[in-house]
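Letters A, B, ... are given to chains in the order of the sequence lines, protein chains preceding strands, and every chain is numbered from 1.
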There are 2 protein chains.
Amino acid sequence: MGQPTTLKSISSLLNISVSTVSRALKNHPDISEKTKKKVQELAAMMDYEPNAHAISLRTNTSKIIGLIVPALSNYFYTSVLTTLEDESRKHGYTLLTLQSGDDTNIELQNLKLCRINHIAGLFIAISPETKNIDPFLKIEKNGVPVIFFDKVPEAENCNKVRMADEEAARMAAEAIQKSKRKKVLALFGNKEFSITKKRSKSFTEYLQKNVPEVNVILSFVSSTQEAVTETEKEIIHHNPDAVFCMSDEILTGAMKAIKKLKITVPQKIAVIAISNGFIPQLFDPEITYIETSGMELGKLAFSRMINYFKGQTSVQELIVPSRYVKGESI
Amino acid sequence: MGQPTTLKSISSLLNISVSTVSRALKNHPDISEKTKKKVQELAAMMDYEPNAHAISLRTNTSKIIGLIVPALSNYFYTSVLTTLEDESRKHGYTLLTLQSGDDTNIELQNLKLCRINHIAGLFIAISPETKNIDPFLKIEKNGVPVIFFDKVPEAENCNKVRMADEEAARMAAEAIQKSKRKKVLALFGNKEFSITKKRSKSFTEYLQKNVPEVNVILSFVSSTQEAVTETEKEIIHHNPDAVFCMSDEILTGAMKAIKKLKITVPQKIAVIAISNGFIPQLFDPEITYIETSGMELGKLAFSRMINYFKGQTSVQELIVPSRYVKGESI
DNA sequence: ACGGATTTCGCAAACGTTTGCGAAAATGAT
DNA sequence: ATCATTTTCGCAAACGTTTGCGAAATCCGT
């Protein structure tokens, strides 16, 4: 049980004060080169590592940045997390990742964990049921930046970073336009989410305006399983020649139905999706999709955080552009 | 910028000492019911939340448990993480999740982060290249339990929790035996990993002993892409009637090749895999697999940690059993 | 050698909490 | 009312660090 070395243990070995050791280790100009050298060498020898808790307590700031997401089983969040963790490490911060499992109570518990650990900043993708974002905004009163991402709230008094939902949906609609398909089954997620609203609105409006002859079958589902049954039903009843899926979960379900019915893609039916970029490549043929890159979002969100640290605290809404990834399904 | 409430602010409002407030809040018997009530009510009103850093500093223990994994893009690790996070929360701990991205240096950086945050315990799945586990074992000298999981080192002086690799491979071999297939393409991962050794040894030994007439084509690949080309090559050259894949990455590659060659599963070729349980269900037909459950591993690992906290510090190697999940591919 | 300027360092308080110990207050028995 | 218990509380130190301020030490020019 060797006690970890502290400023005190170094100072007593060298017969100098704790404060001198502290300053010597951070190259304070008040300390002579000679003692600096002495101290730094001994510290290195003894594997000195500062106690993060003591520093946080003393300075009332920590090097921990909180990240709260609904669930990491979602590949998109994993890629955001990975990027944020990378950037955090490079900037000397530690990312505290917390999953709320789509549970509002756990989400609040996680927020509390962030508070008692006195995080320096917070990234949060709220869970679908979260209506009241006041608890999150509250910590901003203490000078802790809060950046909502992906599933951003509708409120205007908060910082947001999100995907270009309208643009992505429009790009998918354009692809359908070019493919000359005329009867589209458009599958969206939970009708309540703002992301669903934005995507469905943009998608249908583009088609109505630019290709009015296209027949759009709108459908909203809340799970992969629901997507399976819904797709199956719609294909049998209306025989669409194209399917649009607004997410990976929905795409997974739709493809299950299409394979079950043994319909060939893209000959009999074209498929296009909005995706985080992993699932579409698992299918044969590979699915064409509009990529919403978690990495890009992570990078943008982190730079926003850094700017906030630097004083740029006025609210902003940042938007990450989408990308068309060609597959063989349309 | 409202300052957070502290023991001191409560104590001065109530004209009692800080120590009394501290004790009152944790129901210390020395404090009268009357003052307890006063204190607890005011604390609740003022949203008092203890400062984790101060507590850690004072008690020299934290409620943070470290978790270091190679990468969360691996679904298995995500499910382990989720379980560990759940359990941690339920036991009053916070999980500090860190990815090393298969980079030994980052892995050591992450270990350092754990140290300076004075974690209460550490779960670690070492990255493939990690040879020297001494740095990890070192913190155990300070009384911090270290539990290796999944990719456990060969060394014997450490606590391990891992999947039943031999058993899983044997179960797959049994399934092939029952299917009466006679020429098996067996795809394994990087030959250097102990997990690969265990699985390939167990797999081939079972077949040699129990079904000597089966012809096994052994193959080791290091990436999904390599699995694609290798499978393609072997199918063309040797025309196997069954494929075994030891992981999801390999399964993904093998299926790509099989689909490309338009070979029907399971009629022309049977497929069976060892998997973490998400990928196999994406294919048509759904792939039969031996599940290595990250959730089960997480639960076992966490209970091991708790027992260590309770004083059970002697080294153990715990093994999580596997499960046969029937699909339509064999 | 002397005074002043400058370099180099230490003292002490502070961050918020826990806890051993002793003291004050309340209680009980006589 | 007195004394011995018991209950109830406060003092003070400690965890490891940072930092304003003042003091000692060294330097320089004359």
Between CG on residue A:Leu72 and CD on residue A:Gln99, distance to nearest 0.5 Å: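 The distance works out to 4.0 Å.
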
Just to be sure I understand the geometry, which residues of residues 31-42 of chain A put a non-hydrogen atom under 4.0 Å away from DNA chain D?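 Here the set is empty: none.
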
Tell me which residues in residues 8-27 of chain A lie within less than 4.0 Å of DNA chain D, going by non-hydrogen atoms.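 Nucleic-acid contacts, sorted: A:Lys8, A:Val18, A:Ser19, A:Ser22, A:Arg23, A:Lys26.
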
Atom [atom1] of [X] to atom [atom2] of [N]: distance rounded to whole Å?
X        : N      : atom1 : atom2 : result
B:His118 : D:dT17 : NE2   : C1'   : 11 Å
B:His53  : D:dT17 : NE2   : C1'   : 13 Å
B:Asn60  : C:dT19 : CG    : P     : 12 Å
A:Asn51  : D:dA14 : CG    : P     : 17 Å
B:Leu57  : D:dA13 : CG    : P     : 17 Å
A:Asp30  : D:dT26 : CG    : P     : 16 Å
A:Leu7   : D:dA14 : CG    : P     : 17 Å
A:Ile55  : C:dG16 : CD1   : C1'   : 16 Å

Do any N or O atoms from the side chain of B:Glu107 and from the backbone of B:Asp102 form a donor-acceptor pair under 3.5 angstrom? no

Is it the case that the side chains of A:Glu85 and A:Thr97 hold a donor-acceptor pair, with the cut-off being a distance below 3.5 Å and no angle test?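 There is no such pair between these side chains.
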
Report the residues that fulfil side chain to side chain contact (heavy atoms under 4.5 Å, CB included) with [X], sequence neighbours left out, ordered by chain and then residue number.
X        : value
B:Thr292 : B:Phe76, B:Met163, B:Arg199, B:Ile274, B:Asn276
B:Gln312 : B:Arg304, B:Asn307, B:Gln316
A:Ser9   : A:Thr5, A:Thr6, A:Met46
A:Lys138 : B:Asp47

Cation-pi between B:Lys63 and B:Tyr93: NZ/CZ under 6.0 Å from ring centre and within 45° of the ring axis? yes

Would you call B:Glu33 and B:Lys37 a salt bridge, taking side-chain N to carboxylate O under 4.0 Å as the test?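 Salt bridge between B:Glu33 and B:Lys37, a charged N being under 4.0 Å from a carboxylate O: no.
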
